[in-house]
Undergrad: 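Quick one: structure below, then a few questions.
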Amino acid sequence: KRRTAEPYKIKAVEPLNILTREERQKALEKSGYNTFLLDSEDVYIDLLTDSGTNAMSDQQWGALMVGDEAYAGSKSWYKLEKAVREVYGYKYVLPTHQGRGAENLLSQLKVKEGDYVPGNMYFTTTRAHQELNGGTFVDVVIDEAHDPDVEVDFKGNVDLNKLKTLIAEVGAESIPYVCVAVTVNMAGGQPVSMDNLRETYDLCQKHGIDVMYDATRCVENAYFIKEREQGYQNMPIKDILLEMFSYSDGCTMSGKKDALVNIGGFLAMNDEELYTRSRELVVVYEGMPSYGGMAGRDMEAMAKGIYESIDDHYIEHRIQQVRYLGEQLMDAGIPMVRPVGGHAVYLDAKAFLDHLDREQYPAQALAAALYLDSGVRAMERGIVSAGRNKETGENNIPKLEMVRLTIPRRVYTNNHMDVVADSVIELYRKRHQIKGLKMDYEPPTLRFFNARFSPK
Ligand SMILES: Cc1ncc(COP(=O)(O)O)c(/C=N/[C@@H](Cc2ccccc2)C(=O)O)c1O
(Lines give C-alpha, C1' and ligand atoms only; values in the text may rest on other atoms or scores of the structure.)
Protein backbone atom coordinates (compact mmCIF):
# COMPACT_ATOMS: atom_id res chain seq x y z
CA LYS A 1 0.00 0.00 0.00
CA ARG A 2 1.50 3.34 -1.07
CA ARG A 3 2.21 5.68 1.86
CA THR A 4 0.35 9.01 1.95
CA ALA A 5 1.17 12.41 3.46
CA GLU A 6 -0.59 15.43 4.89
CA PRO A 7 -3.08 16.95 2.41
CA TYR A 8 -1.52 20.37 3.06
CA LYS A 9 1.91 22.01 3.10
CA ILE A 10 3.33 24.39 5.68
CA LYS A 11 3.41 28.16 5.06
CA ALA A 12 4.08 29.53 8.56
CA VAL A 13 5.87 27.86 11.47
CA GLU A 14 6.10 28.55 15.21
CA PRO A 15 9.60 27.78 16.53
CA LEU A 16 9.42 25.41 19.54
CA ASN A 17 11.30 25.91 22.80
CA ILE A 18 13.03 22.91 24.38
CA LEU A 19 13.93 23.31 28.09
CA THR A 20 16.55 21.27 29.93
CA ARG A 21 15.33 18.65 32.41
CA GLU A 22 16.32 20.92 35.31
CA GLU A 23 14.30 23.79 33.84
CA ARG A 24 11.33 21.46 33.39
CA GLN A 25 11.60 20.28 37.01
CA LYS A 26 11.39 23.93 38.14
CA ALA A 27 8.42 24.59 35.81
CA LEU A 28 6.68 21.51 37.19
CA GLU A 29 7.09 22.63 40.81
CA LYS A 30 5.88 26.13 39.89
CA SER A 31 2.75 24.59 38.30
CA GLY A 32 1.95 22.43 41.33
CA TYR A 33 2.45 19.29 39.22
CA ASN A 34 -0.66 20.31 37.24
CA THR A 35 -0.10 20.42 33.48
CA PHE A 36 -2.99 22.92 33.16
CA LEU A 37 -0.84 25.39 35.10
CA LEU A 38 2.29 25.06 32.97
CA ASP A 39 3.24 28.01 30.76
CA SER A 40 2.99 27.31 27.04
CA GLU A 41 6.54 28.61 26.51
CA ASP A 42 7.82 25.85 28.84
CA VAL A 43 6.10 23.13 26.80
CA TYR A 44 7.80 21.39 23.85
CA ILE A 45 5.01 19.26 22.31
CA ASP A 46 1.63 20.41 23.62
CA LEU A 47 -0.86 17.52 23.75
CA LEU A 48 -2.97 19.00 26.55
CA THR A 49 -5.95 19.49 24.30
CA ASP A 50 -7.25 19.55 20.73
CA SER A 51 -9.51 22.44 21.80
CA GLY A 52 -8.63 25.75 20.19
CA THR A 53 -5.11 24.55 19.40
CA ASN A 54 -5.72 23.57 15.78
CA ALA A 55 -3.98 25.21 12.83
CA MET A 56 -6.07 27.42 10.58
CA SER A 57 -5.66 27.37 6.82
CA ASP A 58 -4.57 30.29 4.62
CA GLN A 59 -8.22 30.55 3.56
CA GLN A 60 -9.27 31.00 7.18
CA TRP A 61 -6.49 33.53 7.89
CA GLY A 62 -7.46 35.40 4.75
CA ALA A 63 -11.10 35.44 5.84
CA LEU A 64 -10.15 37.35 9.00
CA MET A 65 -9.54 40.40 6.83
CA VAL A 66 -13.13 40.46 5.62
CA GLY A 67 -14.74 39.95 9.03
CA ASP A 68 -17.82 42.19 9.26
CA GLU A 69 -17.64 43.71 12.75
CA ALA A 70 -21.13 45.22 12.60
CA TYR A 71 -22.86 44.88 15.97
CA ALA A 72 -26.03 43.56 14.38
CA GLY A 73 -26.72 41.70 11.16
CA SER A 74 -23.05 40.97 10.40
CA LYS A 75 -22.38 39.51 6.94
CA SER A 76 -19.97 37.12 8.65
CA TRP A 77 -22.81 35.80 10.81
CA TYR A 78 -24.89 34.93 7.73
CA LYS A 79 -21.93 32.99 6.30
CA LEU A 80 -21.60 31.01 9.55
CA GLU A 81 -25.35 30.38 9.76
CA LYS A 82 -25.34 29.12 6.16
CA ALA A 83 -22.40 26.80 6.80
CA VAL A 84 -24.05 25.25 9.87
CA ARG A 85 -27.36 24.77 8.04
CA GLU A 86 -25.66 23.15 5.06
CA VAL A 87 -23.23 20.89 6.93
CA TYR A 88 -25.23 20.00 10.04
CA GLY A 89 -28.73 20.31 8.57
CA TYR A 90 -30.43 22.21 11.39
CA LYS A 91 -32.97 24.96 10.81
CA TYR A 92 -31.86 27.37 13.53
CA VAL A 93 -28.41 28.41 14.83
CA LEU A 94 -27.24 30.58 17.72
CA PRO A 95 -23.57 31.63 17.84
CA THR A 96 -21.73 31.24 21.17
CA HIS A 97 -18.16 32.00 22.20
CA GLN A 98 -17.40 28.27 22.62
CA GLY A 99 -19.04 24.96 23.49
CA ARG A 100 -19.82 25.66 27.12
CA GLY A 101 -21.52 28.89 26.05
CA ALA A 102 -24.02 26.69 24.19
CA GLU A 103 -24.17 24.24 27.11
CA ASN A 104 -25.05 27.11 29.43
CA LEU A 105 -27.91 28.26 27.19
CA LEU A 106 -29.25 24.75 26.55
CA SER A 107 -29.19 23.75 30.23
CA GLN A 108 -30.87 26.97 31.35
CA LEU A 109 -33.52 26.61 28.66
CA LYS A 110 -34.31 22.94 29.12
CA VAL A 111 -33.15 21.63 32.51
CA LYS A 112 -35.27 22.25 35.63
CA GLU A 113 -34.78 21.27 39.30
CA GLY A 114 -35.14 17.51 39.73
CA ASP A 115 -34.67 16.64 36.05
CA TYR A 116 -32.52 13.75 34.86
CA VAL A 117 -30.25 14.18 31.84
CA PRO A 118 -29.09 10.86 30.41
CA GLY A 119 -25.90 10.85 28.36
CA ASN A 120 -23.32 8.46 26.89
CA MET A 121 -20.76 9.08 29.64
CA TYR A 122 -20.25 12.39 31.41
CA PHE A 123 -18.28 15.34 30.19
CA THR A 124 -17.10 17.82 32.80
CA THR A 125 -18.52 21.13 31.53
CA THR A 126 -21.66 19.51 30.09
CA ARG A 127 -22.49 17.87 33.42
CA ALA A 128 -21.57 21.02 35.36
CA HIS A 129 -24.17 23.09 33.47
CA GLN A 130 -26.82 20.38 33.85
CA GLU A 131 -26.14 20.25 37.61
CA LEU A 132 -26.06 24.04 37.93
CA ASN A 133 -29.66 24.02 36.67
CA GLY A 134 -30.78 21.32 39.11
CA GLY A 135 -30.40 18.35 36.80
CA THR A 136 -28.77 15.00 37.55
CA PHE A 137 -26.60 13.40 34.91
CA VAL A 138 -27.31 9.68 34.36
CA ASP A 139 -24.74 7.60 32.47
CA VAL A 140 -26.40 5.45 29.77
CA VAL A 141 -23.31 4.51 27.77
CA ILE A 142 -22.66 0.80 27.11
CA ASP A 143 -20.63 -0.91 29.86
CA GLU A 144 -17.69 -1.57 27.53
CA ALA A 145 -17.04 2.20 27.33
CA HIS A 146 -15.72 2.04 30.89
CA ASP A 147 -13.25 -0.76 30.16
CA PRO A 148 -9.95 0.33 28.54
CA ASP A 149 -9.03 -3.16 27.29
CA VAL A 150 -12.24 -4.05 25.46
CA GLU A 151 -11.91 -3.45 21.70
CA VAL A 152 -15.37 -2.45 20.46
CA ASP A 153 -15.94 -0.57 17.17
CA PHE A 154 -18.48 1.85 18.63
CA LYS A 155 -17.62 2.12 22.28
CA GLY A 156 -19.58 5.35 22.66
CA ASN A 157 -22.92 3.72 21.96
CA VAL A 158 -25.98 4.38 24.10
CA ASP A 159 -27.20 1.33 26.03
CA LEU A 160 -30.88 1.44 25.07
CA ASN A 161 -31.88 -0.77 28.01
CA LYS A 162 -30.29 1.65 30.47
CA LEU A 163 -32.18 4.48 28.77
CA LYS A 164 -35.50 2.56 28.76
CA THR A 165 -35.03 1.71 32.44
CA LEU A 166 -34.43 5.36 33.32
CA ILE A 167 -37.49 6.49 31.35
CA ALA A 168 -39.60 3.86 33.14
CA GLU A 169 -38.20 4.88 36.55
CA VAL A 170 -38.41 8.66 36.39
CA GLY A 171 -40.89 9.26 33.56
CA ALA A 172 -40.29 11.05 30.25
CA GLU A 173 -41.50 14.36 31.70
CA SER A 174 -38.43 14.42 34.00
CA ILE A 175 -36.03 13.98 31.10
CA PRO A 176 -35.61 17.29 29.22
CA TYR A 177 -33.32 15.71 26.63
CA VAL A 178 -30.83 12.93 26.09
CA CYS A 179 -27.29 14.24 25.53
CA VAL A 180 -25.54 12.06 22.91
CA ALA A 181 -21.86 12.94 22.56
CA VAL A 182 -20.31 12.16 19.17
CA THR A 183 -17.55 11.13 19.94
CA VAL A 184 -17.31 10.34 23.66
CA ASN A 185 -14.34 12.25 25.03
CA MET A 186 -14.10 10.60 28.46
CA ALA A 187 -14.33 7.08 27.01
CA GLY A 188 -11.26 7.76 24.90
CA GLY A 189 -12.67 9.66 21.92
CA GLN A 190 -14.94 6.72 21.06
CA PRO A 191 -17.63 6.94 18.35
CA VAL A 192 -21.35 6.15 18.24
CA SER A 193 -22.64 4.03 15.33
CA MET A 194 -25.29 5.27 12.90
CA ASP A 195 -27.57 2.38 13.90
CA ASN A 196 -27.30 3.35 17.54
CA LEU A 197 -27.98 7.01 16.77
CA ARG A 198 -31.07 5.99 14.79
CA GLU A 199 -32.33 3.58 17.49
CA THR A 200 -31.77 6.11 20.26
CA TYR A 201 -33.66 8.75 18.31
CA ASP A 202 -36.56 6.40 17.56
CA LEU A 203 -36.84 5.44 21.23
CA CYS A 204 -36.77 9.08 22.36
CA GLN A 205 -39.29 10.17 19.74
CA LYS A 206 -41.69 7.49 21.04
CA HIS A 207 -41.50 9.13 24.46
CA GLY A 208 -41.46 12.73 23.21
CA ILE A 209 -37.93 13.24 24.53
CA ASP A 210 -35.48 15.42 22.58
CA VAL A 211 -32.07 14.18 21.51
CA MET A 212 -29.39 16.86 21.68
CA TYR A 213 -25.93 15.99 20.37
CA ASP A 214 -22.72 17.21 21.84
CA ALA A 215 -21.30 17.60 18.33
CA THR A 216 -17.81 18.71 19.37
CA ARG A 217 -15.99 15.94 17.44
CA CYS A 218 -18.79 14.86 15.10
CA VAL A 219 -16.64 14.74 11.95
CA GLU A 220 -14.29 12.25 13.61
CA ASN A 221 -17.37 10.23 14.54
CA ALA A 222 -18.48 10.30 10.88
CA TYR A 223 -15.09 8.97 9.81
CA PHE A 224 -15.38 5.97 12.14
CA ILE A 225 -18.84 5.22 10.70
CA LYS A 226 -17.35 5.39 7.18
CA GLU A 227 -14.51 3.08 8.21
CA ARG A 228 -16.36 0.59 10.40
CA GLU A 229 -20.09 0.53 9.66
CA GLN A 230 -21.63 -1.54 6.88
CA GLY A 231 -22.84 0.52 3.91
CA TYR A 232 -20.95 3.77 4.53
CA GLN A 233 -17.52 2.99 3.00
CA ASN A 234 -18.25 4.85 -0.23
CA MET A 235 -20.27 7.69 1.23
CA PRO A 236 -18.59 11.14 1.48
CA ILE A 237 -18.12 12.36 5.05
CA LYS A 238 -20.51 15.27 4.46
CA ASP A 239 -23.38 12.89 3.67
CA ILE A 240 -22.63 10.67 6.68
CA LEU A 241 -22.66 13.78 8.84
CA LEU A 242 -26.06 14.92 7.54
CA GLU A 243 -27.54 11.49 8.23
CA MET A 244 -26.06 11.51 11.75
CA PHE A 245 -27.66 14.86 12.53
CA SER A 246 -31.01 13.76 11.10
CA TYR A 247 -31.28 11.58 14.21
CA SER A 248 -31.22 14.54 16.57
CA ASP A 249 -33.26 17.61 17.49
CA GLY A 250 -30.31 19.90 18.00
CA CYS A 251 -26.76 20.17 19.22
CA THR A 252 -24.23 22.10 21.20
CA MET A 253 -20.94 22.57 19.35
CA SER A 254 -17.48 23.61 20.36
CA GLY A 255 -15.98 25.04 17.17
CA LYS A 256 -12.58 24.80 18.84
CA LYS A 257 -12.26 21.15 17.84
CA ASP A 258 -13.70 19.80 14.60
CA ALA A 259 -14.55 23.26 13.19
CA LEU A 260 -10.83 24.13 13.15
CA VAL A 261 -10.95 27.48 14.92
CA ASN A 262 -9.27 28.88 18.03
CA ILE A 263 -12.53 30.21 19.51
CA GLY A 264 -16.19 29.79 18.67
CA GLY A 265 -19.20 27.54 19.05
CA PHE A 266 -22.93 27.35 18.51
CA LEU A 267 -26.26 25.98 19.68
CA ALA A 268 -28.43 24.58 16.85
CA MET A 269 -31.93 23.16 16.81
CA ASN A 270 -35.00 22.48 14.66
CA ASP A 271 -37.63 23.57 17.18
CA GLU A 272 -38.81 27.15 16.56
CA GLU A 273 -40.05 27.75 20.11
CA LEU A 274 -36.69 26.71 21.59
CA TYR A 275 -34.97 28.94 19.01
CA THR A 276 -37.08 31.96 20.02
CA ARG A 277 -36.31 31.41 23.71
CA SER A 278 -32.60 30.92 23.03
CA ARG A 279 -32.46 34.17 21.05
CA GLU A 280 -33.76 35.96 24.12
CA LEU A 281 -31.24 34.25 26.44
CA VAL A 282 -28.18 34.53 24.18
CA VAL A 283 -28.16 38.32 24.59
CA VAL A 284 -27.76 37.89 28.36
CA TYR A 285 -24.68 35.64 28.14
CA GLU A 286 -23.10 35.84 24.67
CA GLY A 287 -24.30 39.01 22.93
CA MET A 288 -26.51 39.52 19.90
CA PRO A 289 -27.85 36.44 18.09
CA SER A 290 -25.70 37.67 15.18
CA TYR A 291 -22.33 37.42 16.94
CA GLY A 292 -22.71 35.39 20.16
CA GLY A 293 -19.42 36.16 21.83
CA MET A 294 -17.38 36.10 18.63
CA ALA A 295 -15.86 38.86 16.52
CA GLY A 296 -16.99 38.95 12.88
CA ARG A 297 -13.58 37.61 11.88
CA ASP A 298 -14.01 34.61 14.17
CA MET A 299 -17.29 33.79 12.44
CA GLU A 300 -15.64 34.06 9.03
CA ALA A 301 -12.90 31.64 10.13
CA MET A 302 -15.41 29.18 11.61
CA ALA A 303 -17.60 29.20 8.50
CA LYS A 304 -14.54 28.24 6.44
CA GLY A 305 -13.37 25.76 9.08
CA ILE A 306 -16.70 23.94 8.99
CA TYR A 307 -16.36 23.38 5.24
CA GLU A 308 -12.67 22.37 5.53
CA SER A 309 -13.48 19.90 8.32
CA ILE A 310 -15.61 17.72 6.02
CA ASP A 311 -12.90 17.31 3.38
CA ASP A 312 -12.39 13.54 3.12
CA HIS A 313 -8.60 13.78 2.69
CA TYR A 314 -8.25 16.09 5.70
CA ILE A 315 -10.24 13.91 8.12
CA GLU A 316 -8.58 10.70 6.94
CA HIS A 317 -5.13 12.12 7.67
CA ARG A 318 -6.29 13.49 11.01
CA ILE A 319 -7.56 10.13 12.26
CA GLN A 320 -4.58 8.23 10.84
CA GLN A 321 -2.07 10.50 12.60
CA VAL A 322 -3.64 9.78 16.01
CA ARG A 323 -3.67 6.08 15.14
CA TYR A 324 0.02 6.29 14.07
CA LEU A 325 0.95 7.30 17.62
CA GLY A 326 -1.48 4.85 19.23
CA GLU A 327 -0.23 1.85 17.28
CA GLN A 328 3.40 2.53 18.21
CA LEU A 329 2.42 2.48 21.88
CA MET A 330 0.20 -0.58 21.46
CA ASP A 331 3.06 -2.45 19.77
CA ALA A 332 5.30 -1.54 22.72
CA GLY A 333 2.77 -3.05 25.15
CA ILE A 334 1.84 0.26 26.73
CA PRO A 335 -1.47 -0.01 28.65
CA MET A 336 -3.95 2.27 26.88
CA VAL A 337 -7.59 2.62 25.96
CA ARG A 338 -8.49 0.56 22.91
CA PRO A 339 -9.37 1.10 20.18
CA VAL A 340 -7.41 4.33 19.58
CA GLY A 341 -9.75 7.31 19.72
CA GLY A 342 -10.45 10.01 17.19
CA HIS A 343 -8.62 12.92 18.79
CA ALA A 344 -6.26 11.37 21.31
CA VAL A 345 -4.39 8.37 22.66
CA TYR A 346 -5.47 7.67 26.23
CA LEU A 347 -2.87 5.98 28.47
CA ASP A 348 -4.31 3.67 31.13
CA ALA A 349 -2.54 5.26 34.11
CA LYS A 350 -3.99 2.77 36.58
CA ALA A 351 -2.30 -0.13 34.75
CA PHE A 352 0.76 1.95 33.84
CA LEU A 353 1.40 2.87 37.49
CA ASP A 354 -0.02 -0.22 39.15
CA HIS A 355 2.11 0.46 42.25
CA LEU A 356 0.03 3.55 43.08
CA ASP A 357 -3.47 3.65 44.53
CA ARG A 358 -6.16 6.02 43.23
CA GLU A 359 -5.72 8.50 46.09
CA GLN A 360 -2.15 9.06 44.86
CA TYR A 361 -3.63 10.37 41.59
CA PRO A 362 -1.87 8.04 39.11
CA ALA A 363 -2.97 9.93 35.99
CA GLN A 364 -1.84 13.26 37.45
CA ALA A 365 1.49 11.69 38.43
CA LEU A 366 2.00 10.17 34.98
CA ALA A 367 1.20 13.43 33.16
CA ALA A 368 3.74 15.21 35.37
CA ALA A 369 6.36 12.51 34.78
CA LEU A 370 5.83 12.69 31.02
CA TYR A 371 6.37 16.46 31.00
CA LEU A 372 9.52 16.09 33.11
CA ASP A 373 10.87 13.36 30.81
CA SER A 374 10.32 15.10 27.44
CA GLY A 375 8.48 18.43 27.70
CA VAL A 376 5.36 16.75 26.31
CA ARG A 377 2.20 18.14 27.96
CA ALA A 378 -0.75 15.78 28.40
CA MET A 379 -4.00 16.00 30.37
CA GLU A 380 -5.21 14.11 33.42
CA ARG A 381 -8.53 12.39 32.70
CA GLY A 382 -9.06 10.37 35.85
CA ILE A 383 -10.09 10.76 39.48
CA VAL A 384 -9.05 14.42 39.64
CA SER A 385 -11.15 15.35 36.58
CA ALA A 386 -14.08 13.28 37.88
CA GLY A 387 -14.50 15.64 40.86
CA ARG A 388 -16.76 14.98 43.83
CA ASN A 389 -20.29 13.61 44.07
CA LYS A 390 -22.58 16.64 44.45
CA GLU A 391 -24.64 14.91 47.19
CA THR A 392 -22.08 13.01 49.28
CA GLY A 393 -19.00 15.16 48.61
CA GLU A 394 -17.01 11.94 48.15
CA ASN A 395 -14.50 11.63 45.28
CA ASN A 396 -16.14 10.20 42.16
CA ILE A 397 -14.00 7.15 41.35
CA PRO A 398 -14.27 6.58 37.59
CA LYS A 399 -13.19 3.19 36.30
CA LEU A 400 -11.00 4.96 33.75
CA GLU A 401 -7.86 6.63 35.11
CA MET A 402 -6.28 8.09 31.98
CA VAL A 403 -3.61 10.41 30.65
CA ARG A 404 -4.82 11.93 27.40
CA LEU A 405 -2.30 12.59 24.63
CA THR A 406 -4.48 14.93 22.59
CA ILE A 407 -3.39 15.63 19.02
CA PRO A 408 -4.21 19.11 17.67
CA ARG A 409 -5.42 19.17 14.05
CA ARG A 410 -2.88 20.07 11.30
CA VAL A 411 -0.19 21.12 13.84
CA TYR A 412 2.37 18.38 14.47
CA THR A 413 4.15 16.00 12.11
CA ASN A 414 4.62 12.29 12.63
CA ASN A 415 8.17 13.02 13.80
CA HIS A 416 6.64 14.73 16.83
CA MET A 417 4.53 11.60 17.35
CA ASP A 418 7.75 9.55 17.37
CA VAL A 419 9.26 11.77 20.08
CA VAL A 420 6.11 11.31 22.19
CA ALA A 421 6.12 7.54 21.67
CA ASP A 422 9.81 7.25 22.67
CA SER A 423 9.15 9.23 25.85
CA VAL A 424 6.13 7.14 26.88
CA ILE A 425 7.96 3.88 26.16
CA GLU A 426 10.99 5.02 28.19
CA LEU A 427 8.73 6.06 31.07
CA TYR A 428 7.03 2.68 30.99
CA ARG A 429 10.43 1.00 31.32
CA LYS A 430 11.15 3.12 34.44
CA ARG A 431 7.51 3.27 35.65
CA HIS A 432 8.12 2.00 39.17
CA GLN A 433 10.31 5.06 39.88
CA ILE A 434 7.30 7.34 39.35
CA LYS A 435 5.96 8.53 42.71
CA GLY A 436 2.35 9.32 43.61
CA LEU A 437 1.04 12.79 44.40
CA LYS A 438 -0.97 14.42 47.16
CA MET A 439 -3.40 17.27 46.46
CA ASP A 440 -2.34 20.45 48.28
CA TYR A 441 -5.08 22.76 46.92
CA GLU A 442 -8.55 21.64 45.80
CA PRO A 443 -10.83 24.20 44.04
CA PRO A 444 -14.61 23.82 44.67
CA THR A 445 -15.71 23.19 41.06
CA LEU A 446 -13.99 21.67 38.02
CA ARG A 447 -11.04 21.23 40.37
CA PHE A 448 -8.69 19.76 37.72
CA PHE A 449 -8.15 23.16 36.08
CA ASN A 450 -6.49 24.77 39.14
CA ALA A 451 -5.67 22.04 41.68
CA ARG A 452 -2.09 21.89 42.98
CA PHE A 453 -0.14 18.77 43.93
CA SER A 454 3.23 17.68 45.31
CA PRO A 455 5.03 14.31 45.38
CA LYS A 456 3.77 12.07 48.18
C1 LIG B 1 -17.06 16.68 24.46
C2 LIG B 1 -16.93 18.12 24.84
N3 LIG B 1 -18.05 18.87 25.01
C4 LIG B 1 -17.96 20.18 25.37
C5 LIG B 1 -16.75 20.79 25.57
C6 LIG B 1 -16.73 22.25 25.99
O7 LIG B 1 -16.37 23.01 24.87
P8 LIG B 1 -15.57 24.38 25.06
O9 LIG B 1 -16.36 25.22 26.02
O10 LIG B 1 -14.22 24.01 25.61
O11 LIG B 1 -15.50 24.97 23.68
C12 LIG B 1 -15.56 20.07 25.39
C13 LIG B 1 -14.24 20.71 25.61
N14 LIG B 1 -13.22 19.96 25.72
C15 LIG B 1 -11.86 20.40 25.76
C16 LIG B 1 -11.58 21.49 26.76
C17 LIG B 1 -11.80 21.08 28.19
C18 LIG B 1 -12.97 21.44 28.79
C19 LIG B 1 -13.19 21.06 30.11
C20 LIG B 1 -12.24 20.30 30.80
C21 LIG B 1 -11.06 19.94 30.17
C22 LIG B 1 -10.84 20.32 28.84
C23 LIG B 1 -10.96 19.18 25.97
O24 LIG B 1 -11.46 18.05 25.96
O25 LIG B 1 -9.77 19.38 26.08
C26 LIG B 1 -15.66 18.70 25.02
O27 LIG B 1 -14.55 17.95 24.82
Side-chain angles (χ1 to χ4, degrees), residues 34-38 46-54 94-107 117 119-132 137 139 141 145 156 179-192 212-221 250-268 285-286 292-294 298 302 305 322 337 341-346 363-364 367 377-382 384-387 396 398 400 402-409 411 443 445-451:
N34 183 349
T35 54
F36 277 101
L37 301 179
L38 284 168
D46 199 347
L47 305 186
L48 180 74
T49 178
D50 64 325
S51 180
T53 55
N54 306 296
L94 266 299
T96 62
H97 73 286
Q98 62 183 78
R100 69 200 82 164
E103 292 173 339
N104 173 38
L105 297 180
L106 179 66
S107 298
V117 188
N120 50 340
M121 203 179 279
Y122 88 98
F123 185 71
T124 53
T125 56
T126 319
R127 184 176 65 183
H129 282 290
Q130 291 160 358
E131 291 181 348
L132 281 171
F137 168 78
D139 190 2
V141 79
C179 175
V180 178
V182 284
T183 60
V184 182
N185 191 349
M186 298 301 278
Q190 302 296 324
V192 184
M212 301 300 282
Y213 285 175
D214 176 339
T216 298
R217 297 179 182 89
C218 55
V219 184
E220 295 173 359
N221 200 98
C251 80
T252 56
M253 176 64 180
S254 170
K256 299 171 76 170
K257 287 79 162 173
D258 270 357
L260 295 165
V261 284
N262 304 121
I263 192 73
F266 60 80
L267 173 65
Y285 291 97
E286 305 286 324
M294 287 181 275
D298 294 324
M302 190 148 87
V322 179
V337 173
H343 65 297
V345 173
Y346 290 68
Q364 198 78 33
R377 172 158 70 170
M379 186 191 285
E380 193 271 359
R381 298 275 75 180
V384 177
S385 298
N396 291 320
L400 292 170
M402 307 176 287
V403 169
R404 188 183 71 177
L405 304 171
T406 336
I407 315 302
R409 296 166 185 77
V411 170
T445 50
L446 298 179
R447 63 184 180 181
F448 52 89
F449 279 124
N450 293 301

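Heads up: numbering here begins at 1 and tracks the sequence. First listed ligand is number 1; within each ligand, the first listed atom is number 1.
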Undergrad: Is there a donor-acceptor contact under 3.5 Å linking the side chains of N221 and Y213?
TA: no
Undergrad: Salt-bridge test for R377 and D46: reply yes if a basic N is under 4.0 Å from a carboxylate O, no otherwise.
TA: yes
Undergrad: What do we get for M121 next to ligand 1 when only non-hydrogen atoms under 4.0 Å count, side chain, backbone, both or neither?
TA: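 Answer for M121: neither.
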Undergrad: Where does the angle between the aromatic ring planes of F36 and F449 fall among parallel (under 30°), tilted (30 to 60°) and perpendicular (over 60°)?
TA: perpendicular
Undergrad: Check whether R447 reaches the backbone of S385 with its side chain - one donor and one acceptor, N or O, closer than 3.5 Å.
TA: no
Undergrad: Please list, in number order, the atoms of ligand 1 under 4.0 Å from a heavy atom of K256.
TA: 11 (O)
Undergrad: Nearest heavy atom to atom 7 (O) of ligand 1 wins, so pick from Q98, H129, H97, K257.
TA: K257
Undergrad: Taking a cutoff of less than 4.0 Å between a non-hydrogen atom of the residue and any ligand atom, is M253 in contact with ligand 1?
TA: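 It does not; every heavy atom stays at 4.0 Å or beyond.
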Undergrad: Taking the non-hydrogen atoms of M379, is any one of them nearer than 4.0 angstrom to ligand 1?
TA: yes
Undergrad: Which atoms of ligand 1 have any heavy atom of S254 under 4.0 Å away?
TA: 7 (O), 8 (P), 11 (O)
Undergrad: Considering only the protein, which heavy-atom contact is closest to atom 4 (C) of ligand 1, and what is its distance?
TA: E103 OE2, 3.2 Å
Undergrad: Does either side chain, that of R381 or that of N185, offer a donor lying less than 3.5 Å from an acceptor on the other one?
TA: no
Undergrad: Looking only at atom types and distance, does a side-chain atom of R404 sit under 3.5 Å from a main-chain N or O of E380, one as donor and one as acceptor?
TA: no
Undergrad: Out of all atoms in ligand 1, which are within 4.0 Å of some heavy atom of T216? Include the element for each.
TA: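 Near T216, meaning under 4.0 Å from one of its heavy atoms, ligand 1 has 2 (C), 3 (N), 4 (C).
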Undergrad: For atom 3 (N) of ligand 1, which protein heavy atom lies nearest, and how many Å away is it?
TA: D214 OD2, 2.6 Å
Undergrad: Polar-atom distance check: R217 versus ligand 1, any N or O pair below 3.5 Å?
TA: yes
Undergrad: As an exercise, identify every atom of ligand 1 less than 4.0 angstrom from a heavy atom of G99.
TA: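 Ligand 1 atoms under the 4.0 Å threshold to G99: 7 (O), 8 (P), 9 (O), 11 (O).
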Undergrad: Please state which option from F123, F449, Y122, F448 has its nearest heavy atom closest to atom 12 (C) of ligand 1.
TA: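 Among F123, F449, Y122, F448, the closest heavy atom to atom 12 (C) of ligand 1 belongs to F123.
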Undergrad: Using heavy atoms and a threshold below 4.0 Å, how should the contact between R404 and ligand 1 be classified: side chain, backbone, both, or neither?
TA: side chain
Undergrad: For K257 and T216, which I'm curious about, is there any donor-acceptor pair between the side chains at under 3.5 Å?
TA: no
Undergrad: Quick test of your reading of the model: are D50 and K256 salt-bridged, counting only N-O distances below 4.0 Å?
TA: no
Undergrad: Answer with side chain, backbone, both or neither: which part of R100 has a heavy atom less than 4.0 angstrom from an atom of ligand 1?
TA: both
Undergrad: Find all atoms of ligand 1 within a distance of less than 4.0 Å from any non-hydrogen atom belonging to T124, and give their numbers and elements.
TA: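 Close to T124: 19 (C), 20 (C).
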Undergrad: Verify the distance criterion only: is there a donor paired with an acceptor across the side chains of D258 and H343 at less than 3.5 Å?
TA: no
Undergrad: For a quick check under 3.5 Å, do T252 and E103 share a side-chain donor-acceptor pair by atom type?
TA: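 No - no donor-acceptor pair under 3.5 Å links their side chains.
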Undergrad: Among all protein non-hydrogen atoms, which one is nearest to atom 6 (C) of ligand 1, and what is the separation to 0.1 Å?
TA: T125 OG1, 3.6 Å
